[in-house]
Amino acid sequence: MSGQRSAVARITGTRRTDLWPGNFKLGMWVWFLHRLTGVIILLYLVSHLLVIAFSRSASSFDSLMAFFYRPVILVLELLLLAVIIFHTLNGFRIMLFDLGIGIRWQKALFWGLMGVGALMWAFSAIILLPFVSGA
Amino acid sequence: MAAERQVTLEVFRFDPEVDKGPRYDSFTMNVKKGMTVMEGLLHILDVQDHSLALRFACREGVCGSCAMFINGSYRLACQTQLEDLKGRRVWVGPLPHMPVIRDLVVDMAPFFEKVGMVMPWLEALSAPSGKEHLQSPQQRSIINEAVDCILCGICHSSCPMTWTKKDYLGPAALTKAFRFVADSRDVAGANRLALVNSEDGVWRCRTVFNCVEACPKNINPTDAIESLRRMLVVGRRKSR
């Protein structure tokens, strides 16, 4: 296009762009959530390591554990577990793609793995829930 | 008399040489059975607004000129019937993330530049002998899908990796590379694999599958890209 001016125009109006979540397809959602859960896990790991590192004595560690041993935190832990299960199983899905497995049925693979993840999460929740209600 | 359905086309308008920013113009028309978005746009051009710019040629899904963003999906205007789109309003825009020349016409030069970078031609071993380069049905079946590419640019436009990294070759160019690397008659596979073996080649794909969802020819670029990756890692023979 010699001499012709062109410009990247931002398409106006949310529904009309492909950046509008309503226009996302499954793979786009999964990719986005994989990034999001990755950041959450990273932030958790850093804060987790800091908290453990700063409790130098047995008594300070015990008081810290006592602080965390409450229903709100346990519910957050269940959410964290869901985030980790999602990230792990989808990471497994991405590795399978690199091995040439499941590229043609990526959606079925995703939902199948999420089914497994739901079972894993439910199993953990059953174990954790008595602590939440009994604390 | 059966009432004809009326549809309003909201068409993206932008002339970078005159306009400060883009706008949408509304055009209402009666829709006949089988009428495509392309026919609607040509109707606008014929009787409502002669200044509308769009690109088209074959009108039958072969040339790949009329790729657009229609009601939130990447489509060929000539292969999209107005009846199949829900609602009385149809949003028609240019391919997203591509520079707009005017209205629905985008600059395809950066896209074709990428395709040109992977040696998109058959490099045969022997000089033309007057005979065919034979290929078995099995050998041909490997490239059946990739051969169908019409270079419309839809997959390139739909890929979040091309949005964020200008140098990424993109799904179309990489599928083209696969089409020749996997061709039994071609001898330049190693050269082509070297060309795509980079951060902005096959390794930038994040398996978002937008290209697979969007391709109007039902090609699976992700499969092609992953095949090239396996060829690079374990060699071409073993990767089958």
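Lettering of chains follows the sequences in order, A, B, ..., and the numbering in each one begins at 1. These numbers were taken from a predicted model, which means no experiment stands behind them. These values consider heavy atoms only, across backbone and side chains, with no hydrogens, waters or symmetry-generated copies.
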> For A/Phe24 and B/Glu213, what are the C-alpha separation, side-chain angles and deciding distance, and is it a side-chain contact (heavy atoms from CB on, under 4.5 Å)?
CA-CA 10 Å; A/Phe24 284 12; B/Glu213 298 275 359; over 6 Å; no
> Grab the two heavy atoms, one from A/Gly100 and one from B/Arg230, that are nearest each other, plus how far apart they are.
CA-NH1, 3.1 Å
> Measure B/Asp223 against the heavy atoms of chain A and call it side chain, backbone, both or neither at under 4.5 Å.
both
> Using 4.0 Å as the upper bound for N to carboxylate O, is an ion pair formed by B/Glu145 and A/Arg104?
yes
> Name the region of B/Arg206, side chain, backbone, both or neither, that has any atom closer than 4.5 Å to a heavy atom of chain A.
both
> Once rounded to the nearest 0.5 Å, what's the spacing between atom CG of A/Asp98 and atom OG1 of B/Thr207?
7.5 Å
> Taking it one step at a time, do B/Trp163 and A/Leu19 satisfy side-chain contact (heavy atoms from CB on, under 4.5 Å)?
CA-CA 11 Å; B/Trp163 307 346; A/Leu19 300 174; 3.4 Å; yes
> In sequence, state the C-alpha distance, the side-chain angles, and the governing distance for B/Phe69 and A/Asp18, and then conclude on side-chain contact (heavy atoms from CB on, under 4.5 Å).
CA-CA 8 Å; B/Phe69 195 64; A/Asp18 54 0; 3.6 Å; yes
> Please rank B/Ala214, B/Ser73, B/Gly21, B/Gly72 by heavy-atom pairs under 4.5 Å with chain A and give me the top one.
B/Gly72
> With chain A, which of B/Thr222, B/Asn220, B/Val92 has the greatest number of heavy-atom pairs at distances under 4.5 Å?
B/Asn220
> Examine A/Arg16 relative to B/Tyr24 and say whether NZ or CZ is less than 6.0 Å from the centre of the six-membered ring and inside a 45° cone about the ring axis.
yes
> CZ/B/Phe209 to CG/A/Leu26 distance, rounded to the nearest 0.5 angstrom?
9.5 Å
